[in-house]
Amino acid sequence: MAPRRETWFSLDAWRAFHDRHAVVIWSFLASRLMLLAVGLLTLVNIRPLTNAGNPLSQSAHQALNIWGASDSGWYLDLATNGYQLVPAANGQANWAFFPAMPGLAAGLARLTSLTPFEAMLVVSNLSFLIALVLLHRLARQAFDAKTADVTVVLLCVAPASYIFSAAYTEALFLASLAGALLLIRDRRWLAAGLAAALAALTRNLGLALLLPYGWAVLERWRARDQVPLGRAEGLRILLGGLAPMAALAAFLLHLKSRTGDALAFLHIQKTWGRGLEQPFAALMQGLAHPSTIPDTELLSFAIACLALGLLIGLAFLRRWGWLLLSAALVLVPLATGVTSFSRYALVAAPLWILAGHLLSERPRAAMITIASLAMLNGFMMAAWTLALGITV
């Protein structure tokens, strides 16, 4: 009897993967299907009764169209036409948006029969699944299996986590960030740098991955007496650190060639009313005068306060590399105000892992938290479907 040929995929391999990642697979599927159901029910039963609705129509299929709103139009424009030469009449331009996600979607659309919008949804959902697998592994290595399971479920039901399935960049950014953190932990310097380069081309805070990278390099340097630091490893460290900077530099040069301004992505922000201020200003104002917090920003305000508390938790655990990264992912968005912070906080992976660790030790609190967040996320999905301002 001839021996069975080994292939890249087999039933045994799938079973092994499923056994390790059952929580990831079923949390992903259940959460995405529930959000889709909420969106469709909202369209059928609530949308006809209101004047609210998504002004963007990216697809003829309603099940797909609900995943494209607000900034999705900018990313679709990038995937279709590239960067504008001049701003629109209102002064806004797609220069504010980074190229990785629309670029991947454009490439996938050319290779398949998908439209660019459909390709963006594929990229987002596949990226989110990959991100969950990587975060599960990272949390298991950093803490334990219970922490990994709770972390994944929390991210799937977190308020505004429907954005991971939409034509937005959060899913791809989270996947590249989680991959970089895993590779940094394993001291795979060059691969970590390439993952950070992808993050730097996905969101403007991708370069913040150099903070945990630099901290890991410092720890490696301190341990050189126990494990000598060879020339080859030193070269990999150097190239890994240069990779995200080179990726960002290439993007800036492209912007320069298109717009005449290498920092056009930054300067165009003022047309959206965004500017930098002291990161705690909005929080202090809200705490001192709660009535001044707009109703649409109450959730973002609460999540910002929780995020600051979790930063303190990382400090107590002495997870310095994670603390540096999380501080950048929290404080830089807060420097522009609390608007949309509930969305920005979704990619602060170390904070979600810490939250998962704290809840994993308190099963009853974990169940109550997960159920409460799932209900809130369902409400926000309905609001997202109706294009209400509380969601983006």
Side-chain angles (χ1 to χ4, degrees), residues 54-60 64-65 67-124 127 163 166-173 176 194 196-208 242-276 332-333 335-337 339-340 343-344 347 387 389 392:
N54 183 0
L56 299 179
S57 180
Q58 315 288 13
S59 172
L64 298 181
N65 199 49
W67 300 106
S70 190
D71 289 347
S72 299
W74 292 108
Y75 290 117
L76 182 60
D77 181 51
L78 268 176
T80 306
N81 304 311
Y83 284 98
Q84 298 169 233
L85 292 175
V86 294
N90 62 0
Q92 295 181 346
N94 60 17
W95 310 336
F97 303 91
F98 278 52
M101 197 275 280
L104 287 173
L108 180 60
R110 291 190 185 98
L111 294 173
T112 66
S113 59
L114 297 173
T115 67
F117 176 68
E118 292 166 348
M120 283 195 286
L121 299 186
V122 171
V123 170
S124 286
S127 295
I163 211 77
Y168 271 64
T169 60
E170 273 73 13
L172 181 60
F173 186 75
S176 55
L194 293 175
L198 176 59
L201 290 175
T202 304
R203 295 282 292 273
N204 54 9
L205 282 175
L207 212 61
L242 290 175
M245 291 186 279
L248 182 61
F251 171 56
L252 298 183
L253 288 173
H254 180 66
L255 277 183
K256 174 73 173 177
S257 69
R258 295 288 291 179
T259 70
D261 180 8
L263 298 178
F265 78 95
L266 190 61
H267 296 150
I268 201 70
Q269 297 291 338
K270 66 179 182 293
T271 63
W272 276 271
R274 287 190 175 273
L276 294 177
V332 173
T336 66
T339 302
S340 298
R343 175 163 63 91
Y344 299 146
V347 298
V392 293

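Bear in mind the structure is a predicted one, so any value in this text is a computation, not a measurement. Residues: numbered from 1 along the sequence shown.
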Shortest non-hydrogen contact between [X] and [Y], atoms and distance:
X      : Y      : answer
Pro87  : Gly91  : CB-O, 3.5 Å
Phe173 : Ser176 : O-OG, 2.9 Å
Ala119 : Ala109 : CB-N, 4.0 Å
Gln84  : Val86  : NE2-O, 3.1 Å
His267 : Lys270 : O-NZ, 3.1 Å
Ala96  : Gln269 : CB-NE2, 3.7 Å

- request: Nearest 0.5 Å please: distance from the OG1 atom of Thr169 over to the CZ atom of Phe98.
  value: 10.0 Å
Inter-residue atom distance Phe117.CZ - Thr80.OG1, 0.5 Å rounding: 11.5 Å
Any side-chain heavy atom of [X] sitting closer than 4.5 Å to one from [Y]?
X      : Y      : value
Met245 : Leu207 : yes
Asp261 : Lys256 : no
Ser72  : Trp67  : no

- line: Only one of Leu78, Asp71, Asn81 passes side chain to side chain contact (heavy atoms under 4.5 Å, CB included) with Asn94, and that residue is Leu78
Could you pull out every donor-acceptor pair under 3.5 Å between side chains of residues 197-206 and any protein atom, sequence neighbours left out?
unit_1 : atom_1 : unit_2 : atom_2 : d
Thr202 : OG1    : Leu198 : O      : 2.6
Arg203 : NH1    : Glu170 : OE2    : 3.1

message: Aromatic contact between Phe265 and Tyr83, with the criterion being ring centroids under 6.0 Å apart: yes or no?
response: no
task: Return yes if some donor-acceptor pair links the side-chain N/O of Thr115 with the main-chain N/O of Glu118 below 3.5 Å, else return no.
output: yes
- prompt: Distance-only, no hydrogens or angles: does the Tyr168 side chain make a donor-acceptor pair with backbone N or O of Tyr75 under 3.5 Å?
  reply: no
